[in-house]
> 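Questions regarding the structure given below will be posed in turn.
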Amino acid sequence: MQEIDFRGKVAVVTGAASGMGLKTSEELAARGASVVMCDVNADALSRAVADLAARGGRAVACAGDVRRFADAERAAAEAAWLGGCDILVTCAGGNEARMCQSRVPFYEQPVDVLDWGLDVNLKGPVYFARACMPQMVAKRSGVIVCLGSVTAFEGDGVGAMYGTAKNGLVSFVKSLALAGGPFGVRAVCVTPGPVLTRAAMSGMPTALGRAGEPRELVDVILFMCSDNASFITGSNHVVDGGRLCMYQPYVAPEAT
């Protein structure tokens with residue numbers, strides 16, 4: 001296996017101010033990539049980019065909302081200025097019930113909460129792929145990694161759009177693979193189980209009896225972005241400590 005080296009590569013990462021997006025950006029930069037870091041939280045993004053630069057990494061902040069195609073185009077323009085997008089990793093997302101603080105059953109969820117769940121978790125990756133992929137096609141190489149979730153296969157009666165959108169990404173990368181294959185552009189979905197980016201993740205059961213460390217997921221993302229995965233495309237890769245092997249009884253939300 002070749003050592004993973006991204007020198008000369010340009011990466012675009014969404015959700016880059018925190019969590020897996022930040023950790024992925026840091027590891028890509030540490031291996032030589034120039035990273036366009038995108039996030040809706042402009043202040044946190046500025047701090048993250050400054051911290052990465054202080055450690056010798058090369059990164060550009062691109063504050064914006066993944067729900068707006070114009071913001072995806074701005075990120076793609078930043079990548080073009082750096083030499084053209086080689087890698088896109090879509091980490092921005094979240095369960096709408098948690099993010100919008102609306103913990104009621106699906107049939108009571110406000111429509112704006114449903115829209116948030118679909119727009120951020122599904123349309124966001126679609127918009128960024130549409131904006132960045134033409135540069136990859138022109139370069140006749142590139143890779144798109146969409147971050148999924150085991151909720152895509154478990155379901156959620158409260159944050160129903162989260163799992164729905166993440167399941168959509170499993171199909172979406174197949175279409176990207178077909179569209180990009182003739183030009184050497186690959187696409188995959190990496191599907192994590194509980195990862196310790198939030199304390200609440202530690203209580204989610206897995207076959208291994210623990211939640212994953214962030215590095216255990218980032219290592220898979222980096223592998224998929226590298227030439228070591230050059231024959232992998234259109235597929236979903238589960239990194240869940242065996243969670244999906246376990247029977248998970250559904251607990252209905254409390255009645256309102």
Side-chain angles (χ1 to χ4, degrees), residues 11-15 20-21 24 38 65-69 71-73 75-76 85-97 99 106 109 111 113-137 141-195 217 220-221 223-225 229-240 242-245 248 250:
V12 174
V13 181
T14 70
M20 296 312 306
T24 298
C38 308
D65 190 331
V66 297
R67 296 175 293 176
R68 294 197 292 257
F69 183 62
D71 289 351
E73 288 184 305
C85 186
D86 300 289
I87 298 165
L88 169 64
V89 184
T90 64
C91 294
N95 188 300
E96 70 273 11
M99 299 299 293
F106 163 75
Q109 285 289 4
V111 172
V113 175
L114 302 180
D115 286 344
W116 192 98
L118 289 173
D119 290 349
V120 171
N121 293 295
L122 182 56
K123 287 175 68 175
V126 170
Y127 283 170
F128 269 77
R130 174 61 182 84
C132 293
M133 196 171 175
Q135 295 176 28
M136 299 179 182
V137 170
S141 68
V143 58
I144 297 169
V145 177
C146 294
L147 198 65
S149 171
V150 291
T151 307
F153 306 99
E154 294 175 338
D156 185 335
V158 178
M161 296 302 95
Y162 181 66
T164 299
K166 293 298 189 179
N167 205 306
L169 295 180
V170 175
S171 176
F172 181 49
V173 298
K174 296 179 182 180
S175 297
L176 291 177
L178 292 173
F183 307 97
V185 179
R186 300 185 293 110
V188 298
C189 185
V190 173
T191 292
V195 178
L217 181 60
V220 176
I221 294 172
F223 174 79
M224 290 299 169
C225 292
S230 58
F231 201 57
I232 301 175
T233 193
S235 46
N236 179 47
H237 304 269
V238 179
V239 188
D240 72 340
R243 179 175 172 82
L244 291 179
C245 297
Q248 301 292 334
Y250 176 67

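Residue numbers run from 1 in the order of the sequence given.
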> With a 3.5 Å distance limit and no angle check, can you tell me whether Glu96 reaches the backbone of Tyr162 through a side-chain donor-acceptor pair?
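Yes, because the side chain of Glu96 sits within donor-acceptor range (under 3.5 Å) of the backbone of Tyr162.
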
> May I have all residue pairs that pass salt bridge (charged side-chain N to carboxylate O under 4.0 Å, His left out) and include part of residues 121-132, sequence neighbours excluded?
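Counting only pairs at least two positions apart or across chains, the salt bridge (charged side-chain N to carboxylate O under 4.0 Å, His left out) contacts touching residues 121-132 are Asp119-Lys123.
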
> Of Val126, Thr90, Val89, which is the lone residue that meets side chain to side chain contact (heavy atoms under 4.5 Å, CB included) with Cys146?
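Passing option: Thr90.
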
> To the nearest 0.5 Å, what is the distance between CD1 (Ile144) and SG (Cys85)?
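Here the rounded value is 7.5 Å.
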
> May I ask you to decide if Phe153's main-chain N or O and Asn167's side chain share a donor-acceptor pair within less than 3.5 Å?
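Looks like no, no N/O pair under 3.5 Å.
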
> To the nearest 0.5 angstrom, please state how far the SG atom of Cys132 sits from the CG atom of Asp86.
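Between atom SG of Cys132 and atom CG of Asp86 there are 10.5 Å.
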
> Looking only at non-hydrogen atoms, find the nearest pair between Ala97 and Gln109 and report the distance.
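Taking Ala97 first and Gln109 second, the nearest heavy atoms are CB-NE2, 4.0 Å.
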
> What pairs with Glu73 under side-chain hydrogen bond (donor to acceptor under 3.5 Å, both in side chains), at least two apart in sequence or on another chain?
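Partners of Glu73 by the side-chain hydrogen bond (donor to acceptor under 3.5 Å, both in side chains) criterion come out as none, since no residue qualifies.
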
> Please report the shortest heavy-atom distance between Cys38 and Val12, naming the atom on each side.
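Shortest heavy-atom separation between Cys38 and Val12 comes out as SG-CG1, 3.9 Å.
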
> Can you give me the closest heavy-atom contact between Ala179 and Pro182, atom names plus distance?
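Reported closest heavy-atom pair: O-CD, 3.7 Å.
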
> Using 0.5 Å steps for rounding, measure from the CG atom of Leu122 to the CZ atom of Arg67.
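Going from the CG atom of Leu122 to the CZ atom of Arg67 covers 14.0 Å.
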
> List the residues meeting ring pair (Phe, Tyr, Trp, His ring centres under 6.0 Å) with Phe69, not counting sequence neighbours, and say none if there are none.
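Expected list: Tyr127.
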
> Taking all atoms of both residues into account, what is the closest heavy-atom pair of Lys166 and Leu147, and its distance?
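Looks like NZ-O, 2.7 Å.
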
> Any side-chain to backbone donor/acceptor pair from Thr233 onto Ala177? Under 3.5 Å, distance only.
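No, Thr233 side chain to Ala177 backbone: no donor-acceptor pair under 3.5 Å.
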
> I want to check something: taking the side chain as every heavy atom from C-beta on, are Val173 and Val188 in contact at a cut-off of under 4.5 Å?
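No, their side chains stay 4.5 Å or more apart.
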
> Backbone N or O of Ala76 within a donor-acceptor pair of the Gln135 side chain at under 3.5 Å?
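Between the backbone of Ala76 and the side chain of Gln135 there is a qualifying donor-acceptor contact (under 3.5 Å).
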
> Any ion pair linking Asp71 and Arg68 (charged N to carboxylate O, less than 4.0 Å)?
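Between Asp71 and Arg68 there is a salt bridge, with a charged N closer than 4.0 Å to a carboxylate O.
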
> Please name the pair of heavy atoms, one in Gly21 and one in Val13, separated by the smallest distance, quoted to 0.1 Å.
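Scanning both residues, the minimum pair turns out to be O-CG1, 3.6 Å.
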
> About how many Å separate CG of Asp240 and OG1 of Thr191, when rounded to the nearest 0.5 Å?
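Those atoms lie 9.0 Å apart.
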
> Please tell me if the side chains of Ile232 and Met224 come closer than 4.5 Å, counting only heavy atoms from C-beta onward.
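They are in side-chain contact.
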
> Could you tell me which non-hydrogen atom of Val120 sits nearest to which non-hydrogen atom of Pro125, and how far apart they are?
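Smallest heavy-atom distance, with atoms named: O-CD, 3.6 Å.
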
> To the nearest 0.5 Å, what is the distance between CG on Asn236 and CG on Leu169?
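The CG atom of Asn236 sits 9.5 Å away from the CG atom of Leu169.
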
> For the CG atom of Asp156 and the CZ atom of Phe106, what is their distance to the nearest 0.5 Å?
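If we round to the nearest 0.5 Å, Asp156:CG and Phe106:CZ are 11.5 Å apart.
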
